[in-house]
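Worksheet: one structure, shown below.
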Amino acid sequence: QSLQSYCLHTTLETNSTSFCPKIMYSTDLLSISPKLGMVSMSDEEYAEIIAENINHLHMNMGQDVQLKFVVSESSDDERISSFVNLVDSKCLTLCSRFNPHNDVLLMPMGASREELQRTAPIAAQLAVKNGWRYTPRLHVDLWNNKERT
């Protein structure tokens, strides 16, 4: 029995380097968190894989998708913007419903309140500048860097 049968909303977070449609059928939202510069492929190749996954989800399953990027510096803006444009152009080619203004989120980097004090304003400013969404790290805000939270 699926979690949806209990009226629960399920989100699966992935970097989207591998894709398993069987798992996707039981989720409501696929949260793709690209690890730019940390995967062994070019941004172009990575964007192609993500666009294919987004298109597969929308066309075959109807699930929602979001791209969530971790921000630590103002200079992250250029790389994230370029990557979002790559994904968007590939999704449009494949007739997907990906919408960067609704489906891109920025989250500040940090495992402590002190780190978030530095990175949260940067992430928020970039979100406003680009018309994207901002998402806090609520567990860090609430419990700082306490283990098992």
Side-chain angles (χ1 to χ4, degrees), residues 3 8-58 61-94 96-149:
L3 293 174
L8 296 173
H9 176 91
T10 57
T11 300
L12 176 65
E13 184 154 343
T14 177
N15 69 4
S16 203
T17 54
S18 61
F19 184 73
C20 179
K22 193 182 259 187
I23 294 172
M24 302 307 155
Y25 282 107
S26 63
T27 65
D28 297 298
L29 172 66
L30 180 65
S31 181
I32 301 172
S33 186
K35 306 298 184 236
L36 301 180
M38 300 175 96
V39 293
S40 61
M41 63 185 87
S42 70
D43 283 359
E44 178 82 24
E45 293 169 311
Y46 198 11
E48 181 72 39
I49 289 169
I50 289 173
E52 287 173 8
N53 292 344
I54 290 171
N55 284 302
H56 180 81
L57 285 170
H58 281 310
M61 299 176 213
Q63 272 91 341
D64 288 326
V65 176
Q66 67 185 24
L67 294 181
K68 183 170 63 173
F69 297 90
V70 176
V71 173
S72 62
E73 304 291 336
S74 295
S75 59
D76 293 339
D77 185 31
E78 187 175 319
R79 185 147 195 205
I80 293 171
S81 294
S82 175
F83 192 80
V84 167
N85 288 336
L86 278 171
V87 172
D88 189 35
S89 68
K90 293 175 185 312
C91 285
L92 291 174
T93 302
L94 299 171
S96 180
R97 301 179 308 181
F98 177 70
N99 179 341
H101 295 290
N102 293 327
D103 301 333
V104 174
L105 291 86
L106 299 184
M107 179 176 68
M109 178 180 275
S112 70
R113 288 181 188 136
E114 293 74 28
E115 290 175 282
L116 291 182
Q117 285 178 338
R118 185 186 70 77
T119 59
I122 296 168
Q125 288 168 356
L126 295 182
V128 169
K129 173 187 170 200
N130 291 290
W132 299 330
R133 294 166 49 202
Y134 171 85
T135 184
R137 297 188 59 128
L138 183 59
H139 64 289
V140 177
D141 289 333
L142 293 175
W143 296 292
N144 202 13
N145 57 356
K146 185 177 177 185
E147 286 187 29
R148 298 180 185 200
T149 58

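Nearest heavy atoms, P34 versus L67: CG-CD2, 4.3 Å. Across every non-hydrogen atom of N130 and S81, the tightest pair is OD1-OG, 3.6 Å. Contact between S112 and V140 at its shortest, heavy atoms only, is C-CG1, 3.5 Å. Across S72 and T119, no two heavy atoms sit closer than the pair O-CG2, 3.7 Å. Closest approach of V70 and D76 over heavy atoms only: O-OD2, 4.2 Å. Scanning all heavy atoms of the two residues, the minimum distance from I54 to V87 falls at CD1-CG1, 4.0 Å.
Looking at heavy atoms from C-beta onward, K146 lies out of side-chain contact with N144 at the 4.5 angstrom threshold.
The CG atom of D103 lies 10.0 Å from the CD1 atom of I32; values are rounded to the nearest 0.5 Å. For the atom pair CD1 of I122 and CG of L116, the computed distance is 11.0 Å after rounding to the nearest 0.5 Å.
A donor and an acceptor atom, one from each side chain of S42 and E45, are located under 3.5 Å apart.
A salt bridge links E44 with K90; the closest basic N to acidic carboxylate O contact falls under 4.0 Å.
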Steps toward side chain to side chain contact (heavy atoms under 4.5 Å, CB included) verdict (D43, L36): CA-CA 7 Å; D43 283 359; L36 301 180; 4.1 Å; yes
Side chain to side chain contact (heavy atoms under 4.5 Å, CB included) between N145 and R113, worked out: CA-CA 8 Å; N145 57 356; R113 288 181 188 136; over 6 Å; no
Criterion side chain to side chain contact (heavy atoms under 4.5 Å, CB included) on I49 and M41, from CA distance to verdict: CA-CA 10 Å; I49 289 169; M41 63 185 87; 3.6 Å; yes
Steps toward side chain to side chain contact (heavy atoms under 4.5 Å, CB included) verdict (F69, V104): CA-CA 8 Å; F69 297 90; V104 174; 4.1 Å; yes
Listed pairs under 3.5 Å, donor-acceptor, residues 131-138 side chains, sequence neighbours left out:
unit_1 : atom_1 : unit_2 : atom_2 : d
R133   : NH1    : N102   : O      : 2.7
R137   : NE     : G110   : O      : 3.2

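Checked by atom type and distance alone, the side chain of K68 never pairs as donor or acceptor with a backbone atom of Q66 at under 3.5 Å.
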